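Every value quoted in this text rests on a predicted model; they were computed, and no experiment measured them. Every chain is numbered from 1 and lettered A, B, ... according to where its sequence line falls, protein lines coming before strand lines.
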Number of protein chains: 2
Amino acid sequence: MSQRNIGVTHQEFVEEACPIVEVIDHVAGKWSIGVLVAAAHGPVRFTELERLVNGISRRMLTLTLRKLERDGLLVRTVYPTVPPKVEYTLTDMARELHESLASLVDWAERHRTAITAARRTYDATTTP
Amino acid sequence: MSQRNIGVTHQEFVEEACPIVEVIDHVAGKWSIGVLVAAAHGPVRFTELERLVNGISRRMLTLTLRKLERDGLLVRTVYPTVPPKVEYTLTDMARELHESLASLVDWAERHRTAITAARRTYDATTTP
DNA sequence: CGGTATCCGGGACGATACTG
DNA sequence: CAGTATCGTCCCGGATACCG
């Protein structure tokens with residue numbers, strides 16, 4: 001990665017090249033997985049997602065949704081009612097992804113105590 | 001997330017709770033997937049990984065390896081020779097994860113042009 | 001209800017240089 | 001070969017406040 005990307009941010013530079021690593025980074029990002037999995041059941045509203053995705057802030061939810069919409073993984077449907085109603089739906093491309101994500105989450109749930117234990121051991125042996 | 005986590009970083013705070021989102025964040029992080037997939041073939045050396053994982057810097061490779069080792073996903077074996085030789089091997093826990101990761105990478109490869117196209121469309125319709 | 005705007009601290013990350 | 005150290009930048013992401 002040369003230093004001659006003057007006037008262009010690293011973000012833009014990487015997007016230009018669009019390697020898989022960057023695609024994965026979007027799709028498998030901290031919040032993206034939660035949102036994608038939560039939206040898999042069917043159309044989901046903004047506030048629902050806020051509750052379903054544990055620990056996400058309103059700001060990050062908005063940003064994550066916009067990013068996923070931009071990548072063509074989510075469709076945003078606005079119903080011009082009062083109060084407003086907005087629904088998010090997975091695209092076919094995203095639905096195809098769902099199984100991989102689900103198995104990832106499953107793995108994480110099954111092994112998270114083992115991971116916590118491994119960390120404690122590692123920390124104990126490196127910092128006495 | 002209360003504001004009363006004085007004296008404790010956000011990192012530490014989240015690790016304490018250790019929710020799946022944080023486990024996934026480690027495992028599915030930008031570089032972690034690449035490293036994990038590259039190491040799946042068998043024992044891999046540091047320099048090999050540097051070549052296999054496209055675009056990673058030496059620094060990030062080291063940090064990623066340490067993080068994965070700490071989480072109990074990688075075993076680091078040092079051979080006390082000159083020049084030194086270090087091998088990284090997946091643990092059983094990590095090997096179990098490999099299939100999910102591989103299908104994720106496969107998905108990303110199959111759809112990355114579609115994603116690039118979706119972005120262009122999105123950008124064109126939002127910023128005229 | 002479903003956002004947007006602003007502020008700001010801390011972490012992610014590359015570049016560069018040095019080492020056993 | 002396989003790292004560590006240091007530095008500087010950019011961006012992630014929470015807190016808070018405001019809006020149609």
Interatomic distance, [X] [atom1] vs [N] [atom2] [rounded to whole Å]:
{"X": "B/Arg76", "N": "D/dC1", "atom1": "CZ", "atom2": "P", "result": "16 Å"}
{"X": "A/Asp25", "N": "D/dC10", "atom1": "CG", "atom2": "C1'", "result": "15 Å"}
{"X": "B/Ile56", "N": "C/dA15", "atom1": "CD1", "atom2": "P", "result": "13 Å"}
{"X": "A/Glu50", "N": "C/dG2", "atom1": "CD", "atom2": "P", "result": "9 Å"}
{"X": "B/Leu61", "N": "C/dC13", "atom1": "CG", "atom2": "C1'", "result": "13 Å"}
{"X": "B/Leu63", "N": "C/dG14", "atom1": "CG", "atom2": "C1'", "result": "12 Å"}
{"X": "A/Lys85", "N": "C/dG2", "atom1": "NZ", "atom2": "P", "result": "9 Å"}
{"X": "A/Glu69", "N": "C/dG2", "atom1": "CD", "atom2": "P", "result": "15 Å"}

Which of the following nucleotides, [options], is nearest to the side chain of [X]?
{"X": "A/Pro84", "options": "D/dA2, D/dG3, C/dG2", "answer": "C/dG2"}
{"X": "B/Phe46", "options": "D/dA2, D/dG13, C/dG3", "answer": "D/dA2"}
{"X": "A/Met60", "options": "C/dC13, D/dT4, D/dG13", "answer": "D/dG13"}
{"X": "B/Lys30", "options": "D/dC1, D/dG13, C/dC13", "answer": "C/dC13"}
{"X": "B/Ser57", "options": "D/dC1, C/dG14, C/dG3", "answer": "C/dG14"}

Side-chain N or O of [X] less than 4.0 angstrom from OP1 or OP2 on [N]?
{"X": "A/Thr62", "N": "C/dG3", "result": "no"}
{"X": "B/Arg59", "N": "C/dA12", "result": "no"}
{"X": "B/Arg51", "N": "D/dC1", "result": "no"}
{"X": "A/Arg58", "N": "C/dA5", "result": "no"}
{"X": "B/Arg66", "N": "D/dT4", "result": "yes"}
{"X": "A/Arg45", "N": "C/dC1", "result": "no"}
{"X": "A/Thr47", "N": "C/dC1", "result": "no"}

So that I can tick it off, tell me whether B/Arg119 and B/Asp123 are bridged by a salt bridge, with the cut-off set at under 4.0 angstrom between side-chain N and carboxylate O.
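No.
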
Looking at B/Glu48 and B/Lys85, is there a salt bridge between them, counting it only when a charged N and a carboxylate O are closer than 4.0 Å?
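Judged by the 4.0 Å cut-off on N to carboxylate O distance, B/Lys85 and B/Glu48 do not form a salt bridge.
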
With a 4.5 Å cut-off on side-chain heavy atoms, are B/Thr91 and B/Met93 touching?
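Contact flag for B/Met93/B/Thr91 side chains = yes.
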
Check whether any side-chain heavy atom of B/Trp31 lies under 4.5 Å from a side-chain heavy atom of A/Val21, and answer yes or no.
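Side chain of B/Trp31 against side chain of A/Val21, heavy atoms only: contact under 4.5 Å found.
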
Can any side-chain N or O of B/Ser32 pair as donor or acceptor with the backbone N or O of B/Ala28 at less than 3.5 Å?
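Not at all, since once roles are kept as given, no pair shorter than 3.5 Å links the two residues.
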
If you group Ile, Leu, Val, Met, Phe, Trp and Tyr by side-chain heavy-atom gaps below 4.5 Å, do A/Val75 and A/Leu52 land in one group?
no

Would you say B/Val78 and B/Leu49 are hydrophobically clustered, going by side-chain heavy atoms of ILVMFWY under 4.5 Å?
yes

Take the C1' atoms of the five end pairs on each side of the helix from C/dC1-D/dG20 to C/dG20-D/dC1, derive the two axes, and give their angle rounded to 10 degrees.
60°

NA contact type, A/Tyr88, heavy-atom cut-off 4.0 Å: base, sugar-phosphate, or nothing?
sugar-phosphate

Residues B/Glu96, A/Arg110; criterion salt bridge (charged side-chain N to carboxylate O under 4.0 Å, His left out); working and verdict:
CA-CA 11 Å; B/Glu96 204 180 312; A/Arg110 284 186 290 112; 2.4 Å; yes

